[in-house]
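Here is the structure we will look at.
Proteins get letters first, then strands, A, B, ... in listed order; numbering begins at 1 in each. In this text the structure is predicted, and so the values were computed from the model without any measurement.
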Amino acid sequence: MDTYDPKAIEAKWQRVWEDARAFYVDDPPPGEEPAGKFYMLEMLPYPSGNLHMGHVLNYTLGDVLTHYHRRHGLHVLRPMGWDSFGLPAENAAIREGGHPREITERNIENIERQMHRLGWAIDWDRVIAAHDPDYYRWTQWLFLRFFERDLAYRKAAFVNWCPHDQTVLANEQVIDGKCERCGSIVEARKLEQWFFKITAYADALLRDHDLIDWPERTKTIQRNWIGRSEGAELLFRVDELDLDVAVFTTRADTLFGATFFVLAPEHPLVDEMIERSPNGEELRTYVAHALAKRGEQRAAGEKTGVFTGFFATNPATEARIPVWVADYVLMEYGTGAIMAVPGHDERDREFAERFELPVVEVVDEEDGTLVNSAQFSGMPVDEATREIVAWLGNRGRGRPAVSFRLRDWGFSRQRYWGCPIPIVYCPSCGIVPVPDDDLPVLLPDVDDYRPKGKPPLASNEEWLRVPCPSCGGEGRREADTMDTFVDSAWYFLRYPDAHDEREPFSRRLVDFWGPVDQYIGGIDHATGHLLYSRFFVKVLRELELLDFPEPFQRLFHQGWVRQGGTKMSKSRGNVTAPDELADMYGADAVRLYILFVGPADQDMDWTEEGIEGIGRFLRRLWRIVHEAAADGGAGEDGDAGPLVRKAHETIAKVSDDIGRRFVFNTPIAAVMELVNELGRDPSAPGARFAAETAVSLIQPYAPHIAEELWSALGHERLWEQPWPVADEDQLRRETFELVLQVNGRVRDRVEASVDESEEELVARAKASPRVQQHLDGKEIRQTIVVPGKLVNIVV
RNA sequence: GCCGAAGUGGCGGAACUGGCAGACGCGCCGGACUCAAAAUCCGGUGGGGCUCACGCCCCGUGUGGGUUCGAUUCCCACCUUCGGCACCA
């Protein structure tokens with residue numbers, strides 16, 4: 001027996017697998033799609049150049065499941081790709097020189113090497129990269145399909161502008177009013193921007209949560225993000241303008257308490273009011289100030305506002321109530337106008353107090369019924385809400401309505417390193433899509449990536465000027481690029497047909513492999529990538545490009561690997577290189593350790609203390625299995641004995657943990673227990689079977705050592721061996737340890753037979769001297785028997 | 001403020017459906033091997049108390065209450081930590 005040399009055996013088996021194309025999966029020929037496919041996917045990495053422990057956790061989890069399902073006979077697709085567009089490479093190019101493409105491709109090479117080093121079972125034939133024209137050609141093609149259906153459109157909008165990165169950010173990329181990437185305070189700018197109409201799918205995105213097996217908290221986050229509110233749209237008359245102005249409210253029951261009316265500064269009516277109002281100048285100044293500050297600033301401090309000089313008529317009371325403009329009302333939500341009910345809304349009350357506006361109580365908070373509300377007085381809130389809307393509806397002044405918090409997805413980016421938007425602006429034809437046959441619109445080289453307030457592509461005059469595809473006149477290309485979330489909103493559909501040159505993916509192959517059966521990734525993508533991908537699949541299904549309603553059938557979130565209490569990430573530079581760890585302890589040890597330290601869905605503080613213990617375990621396993629292989633008792637399959645029984649129990653435990661419970665740390669502990677027991681006597685009966693079982697069960701975690709030991713045991717190709725099945729007979733026990741309790745406290749334990757009747761078990765309890773001591777002649781009031789477990793005597 | 005998750009030895013954690021709290025590992029302590037050390041192997045290790053000893057008793061899963069023969073597990077209230085949303089009408 002040689003000593004355990006992880007480096008040597010890991011390199012050896014990685015070569016064997018590659019030569020055997022062990023983890024490459026073939027597409028089925030047409031008409032022969034077999035049952036039992038499994039599409040395993042982890043979120044694709046941004047190729048930052050180095051793997052960190054978060055990646056190791058993510059992809060090792062996927063690897064365990066890949067091996068587990070493969071060995072259950074499923075056709076497992078498990079690909080890998082690169083989310084290779086995006087700011088970090090561009091910023092690195094600005095900082096250090098070079099081209100983002102070169103930087104990205106160098107990083108990919110390095111990270112791919114590190115992935116190979118860890119021995120993950122990946123189909124490397126299907127690699128895709130967002131920045132590869134063979135890929136982004138189809139991103140552009142899909143954009144055009146959205147454009148044709150008006151699901152991608154252009155509008156002037158206030159956007160989140162990062163002054164440092166000189167680009168627009170999605171709402172999802174703004175954290176506490178700051179740029180998620182660089183931390184600069186985000187400013188408001190009004191720009192022409194591209195949007196995807198994700199709001200048109202708000203209801204479908206909520207409804208189809210029922211179809212998918214996702215963590216409840218992820219669905220909750222999405223539900224809150226979409227923010228569906230049921231209420232009513234009510235019309236308020238503004239006589240001086242001869243107009244009806246709509247408000248959205250969830251509290252129609254408080255209509256009689258609406259004592260003033262507020263418009264958002266961006267509301268379309270405000271301009272006209274400025275023109276015609278006696279205090280137009282004051283209004284104009286206020287609106288200008290309000291528009292300049294956005295988001296966080298707007299929410300901070302005391303409420304501000306200006307009276308417009310106009311009045312609206314409360315449709316319930318017929319009272320003329322003053323119309324104000326105030327920036328606590330948001331244009332993006334509801335109708336951009338509200339009826340203010342200071343009696344029952346905290347914000348309206350604050351405003352009313354500040355500006356001395358009347359407050360009327362219309363709901364008795366004690367019993368939840370209406371007061372001061374004409375014929376609705378005395379009605380409970382729920383009923384009144386319905387009745388008032390119906391009452392207004394009869395007079396054409398209101399109707400039930402639904403409002404969403406979700407906004408359309410703005411995906412224009414004023415940066416270089418992204419997918420070009422295939423659009424040409426023509427003075428005569430307007431916005432003209434680039435014809436499919438002219439795709440891809442290649443990302444040209446530019447001299448200078450530095451942000452200058454306009455996109456880098458806008459400086460490449462030669463590229464920019466292009467004949468209008470429609471009239472042939474002088475057109476100009478769109479110089480913005482796409483948000484990288486567009487690249488990743490469909491990448492999982494490309495793997496099933498990664499090299500298709502005629503279409504983004506064939507309907508047959510995407511419907512065979514899709515949807516992803518098991519997806520793994522961080523919960524931080526709950527309102528970004530995970531929502532965008534669902535939106536894309538819904539649209540693509542309507543386009544009949546595929547036929548499933550949801551992209552990711554089952555979802556698992558790995559926890560954050562933290563270091564020193566902060567989130568570990570490429571941007572913070574606090575990463576531990578898995579590479580070095582693999583060199584010190586071996587890839588198998590790194591893989592085992594990251595899953596052993598705790599539940600995979602829980603955040604962890606990274607520490608290397610303890611990886612030694614995994615190293616010890618692997619050396620122990622190595623030695624004990626070799627001993628068992630040399631003289632592993634008489635035990636063959638089916639033999640009885642405690643070791644064989646323990647092996648079967650371990651099979652049952654590991655299979656249940658991985659397959660049903662989705663926990664990955666306790667299977668390792670279970671195999672350790674088996675090895676500990678085997679180690680007590682490696683020549684005991686059943687030792688060989690126990691050794692084979694331990695090796696077979698640890699294979700998804702530590703495939704290299706498992707393969708080597710499997711050979712030592714005289715077998716071949718463990719990676720394609722069927723997953724072991726526990727023998728039910730071996731799991732059944734004839735005897736068990738009966739727990740004896742007095743008043744719920746354990747007093748004794750005795751060996752009992754599973755065949756014994758309840759009376760016999762009670763008799764055993766009463767026979768125990770320790771139990772007797774605690775009974776102490778007291779009156780027995782109750783006796784509880786749990787067959788197979790315990791007897792509890794209550795005195 | 002609203003929504004969600006979590007609090008167990010010195011540490012990471014286990015206990016799945018209400019039934020032996022602390023599996024497995026780290027660390028630590030003791031022993032074997034060694035000239036010595038490392039590595040390895042064996043044993044111990046929640047706290048407190050009683051006992052020469054075999055052992056035995058009490059306390060113990062964030063805090064306080066409740067349900068139950070029995071609660072880490074269920075219910076109520078609270079505390080702490082971490083996430084999500086946040087002037088969303």
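Within the nucleic acid shown, A:Ile221 comes within 4.0 Å of sugar-phosphate atoms alone, with no base atom in reach, counting heavy atoms only. Across all strands shown, A:Asn665 has heavy atoms under 4.0 Å from sugar-phosphate atoms exclusively, and none from any base. At a threshold of 4.0 angstrom between heavy atoms, the contacts of A:Asp348 with the nucleic acid are absent. Using a 4.0 Å heavy-atom criterion, one finds that A:Ser403 contacts no nucleic acid atom at all. Using a 4.0 Å heavy-atom cutoff across all strands shown, A:His557 reaches no nucleic acid atom at all. Here A:Arg217 lies in heavy-atom contact (under 4.0 Å) with sugar-phosphate atoms only. Residue A:Arg349 is classed as having no contact, given no heavy-atom separation below 4.0 Å to the nucleic acid. Using a 4.0 Å heavy-atom cutoff across all strands shown, A:Val671 reaches no nucleic acid atom at all. Looking at heavy-atom distances under 4.0 Å, A:Gly613 makes contact with sugar-phosphate atoms alone, never a base. Using a 4.0 Å heavy-atom distance criterion, A:Arg616 is classed as a sugar-phosphate-only contact. If you check every strand for non-hydrogen atoms under 4.0 Å, A:Val597 touches sugar and phosphate atoms only. Within the nucleic acid shown, A:Arg770 comes within 4.0 Å of sugar-phosphate atoms alone, with no base atom in reach, counting heavy atoms only. Across all strands, A:Glu216 comes closer than 4.0 Å to no nucleic acid atom at all (heavy-atom distances).
Proximity of a side-chain donor or acceptor of A:Asp408 to a complementary backbone N or O of A:Ile198 within less than 3.5 Å is detected. A:Thr60 places no side-chain N or O within 3.5 Å of a backbone atom of A:Arg591 that could act as its donor or acceptor partner. For A:His344 (side chain) and A:Val362 (main-chain N/O), a donor-acceptor pair under 3.5 Å exists by modelled atom type. With hydrogens and angles ignored, the 3.5 Å screen pairs a side-chain donor or acceptor of A:Tyr68 with a backbone N or O of A:Ser655.
Residue A:Arg781 places no side-chain N or O under 4.0 Å from the OP1 or OP2 atom of B:C69. The shortest distance between the side-chain N/O atoms of A:His344 and the OP1/OP2 oxygens of B:A89 is not below 4.0 Å.
With B:C59, B:G19, B:C20 as the choices, the nucleotide that has an atom nearest any side-chain atom of A:Arg745 turns out to be B:C59. In the set B:A14, B:C82, B:A15, the nucleotide with an atom closest to the side chain of A:Pro599 is B:A14. For A:Arg747, the listed nucleotide lying nearest its side chain is B:C58; candidates were B:C58, B:C20, B:G19. When the nucleotides B:C3, B:C82, B:C87 are ranked by their closest atom to the side chain of A:Lys303, B:C87 comes out on top. Comparing B:C24, B:C87, B:C69 by their nearest atom to the side chain of A:Glu673 picks out B:C24. Closest to the side chain of A:Trp225, from the set B:C20, B:A89, B:C85, is B:C85. When the nucleotides B:G19, B:C58, B:G12 are ranked by their closest atom to the side chain of A:Phe596, B:G12 comes out on top. Looking at the side chain of A:Ser229, the nearest of the listed nucleotides B:C69, B:A89, B:A39 is B:A89. Taking only side-chain atoms of A:Ala669, from C-beta outward, the nucleotide of B:C24, B:C69, B:C20 with the closest atom is B:C24. Out of B:G19, B:A89, B:U40, the shortest distance to the side chain of A:Ile338 is found at B:A89.
Figure legend. B:G60 is base-paired to no nucleotide; pairs are counted as Watson-Crick or G-U wobble with both atom distances under 3.5 Å. Taking a pair to require two hydrogen-bonding distances under 3.5 Å in either a Watson-Crick or a G-U wobble arrangement, B:C74 pairs with B:G66. Remark: B:G25 base-pairs with B:C11; criterion is Watson-Crick or G-U wobble with both hydrogen-bond distances under 3.5 Å. Using Watson-Crick or G-U wobble geometry with both donor-acceptor distances under 3.5 Å, B:G18 finds no partner in any strand shown. B:U40 is paired with B:A32 under the criterion used here, namely a Watson-Crick or G-U wobble arrangement in which both key atom distances are under 3.5 Å. Nucleotide B:G83 forms a Watson-Crick or G-U wobble pair with B:C3, both donor-acceptor distances falling under 3.5 Å.
For A:Arg251 and B:A89, the CZ to P distance is 11 Å, given to the nearest whole Å. With rounding to whole Å, A:Lys219 atom NZ is found 20 Å from B:C3 atom P. Atom CD of A:Glu609 is separated from atom P of B:C26 by 12 Å (rounded to the nearest Å). Atoms CD (A:Gln602) and C1' (B:U81) sit 13 Å apart, rounded to a whole Å. Look at CG on A:Leu621: it is 17 Å from P on B:C24, rounded to the nearest Å. Atom-to-atom, CG of A:Asn224 to C1' of B:G1 comes out at 14 Å; the value is rounded to the nearest Å. A:Asp601 places its CG atom 11 Å from the P atom of B:G13, with the value rounded to the nearest Å. The CZ-C1' distance, from A:Arg623 to B:A39, rounds to 12 Å in whole Å.
Between A:Lys653 and A:Glu673 there is no salt bridge, since none of the side-chain N atoms of the basic residue sits less than 4.0 Å from a carboxylate O of the acidic one. No salt bridge links A:Glu779 with A:Arg781; every basic N to acidic carboxylate O contact stays at or beyond 4.0 Å. No salt bridge links A:Arg764 with A:Glu751; every basic N to acidic carboxylate O contact stays at or beyond 4.0 Å.
Using atom C1' as the reference point in both B:U51 and B:C57, the two lie 11 Å apart (nearest Å). On the C1' atoms, B:C2 is 23 Å away from B:C75, given to the nearest whole Å. B:A21 and B:C59 have their P atoms separated by 13 Å, with the value rounded to a whole Å. A distance of about 13 Å separates the C1' atoms of B:G19 and B:U72, rounded to the whole Å. Taking atom C1' in both B:C87 and B:U63, the straight-line distance is 36 Å, to the nearest Å. Atom P of B:G62 sits at a distance of 24 Å from the matching atom of B:U45, rounded to the whole Å. Comparing B:A15 with B:C79, their P atoms sit 30 Å apart, to the nearest whole Å. Taking the C1' atom of each, B:C74 and B:C16 are spaced 16 Å apart, rounded to whole Å.
Against the 90° criterion about 0, the sugar-base torsion of B:G84 places it in the anti range.
Aromatic ring orientation, A:His525 versus A:His529: perpendicular (interplanar angle above 60°, classes split at 30° and 60°).
Each of A:Thr220 and A:Glu302 was assigned the nucleotide of RNA chain B with the nearest heavy atom; the assignment lying further toward the 5' end belongs to A:Thr220. Map A:Gly744 and A:Tyr328 each onto its nearest nucleotide of RNA chain B; the residue landing nearer the 5' end is A:Gly744.
The one candidate from A:Thr218, A:Asp601, A:Asp524 that meets the side chain to side chain donor-acceptor pair (under 3.5 Å) condition with A:His557 is A:Thr218.
Within 3.5 Å, no donor on the side chain of A:Arg405 pairs with an acceptor on the base of B:C85, nor the reverse.
A ring-centre distance under 6.0 Å is not found for A:Trp409 and A:Phe485.
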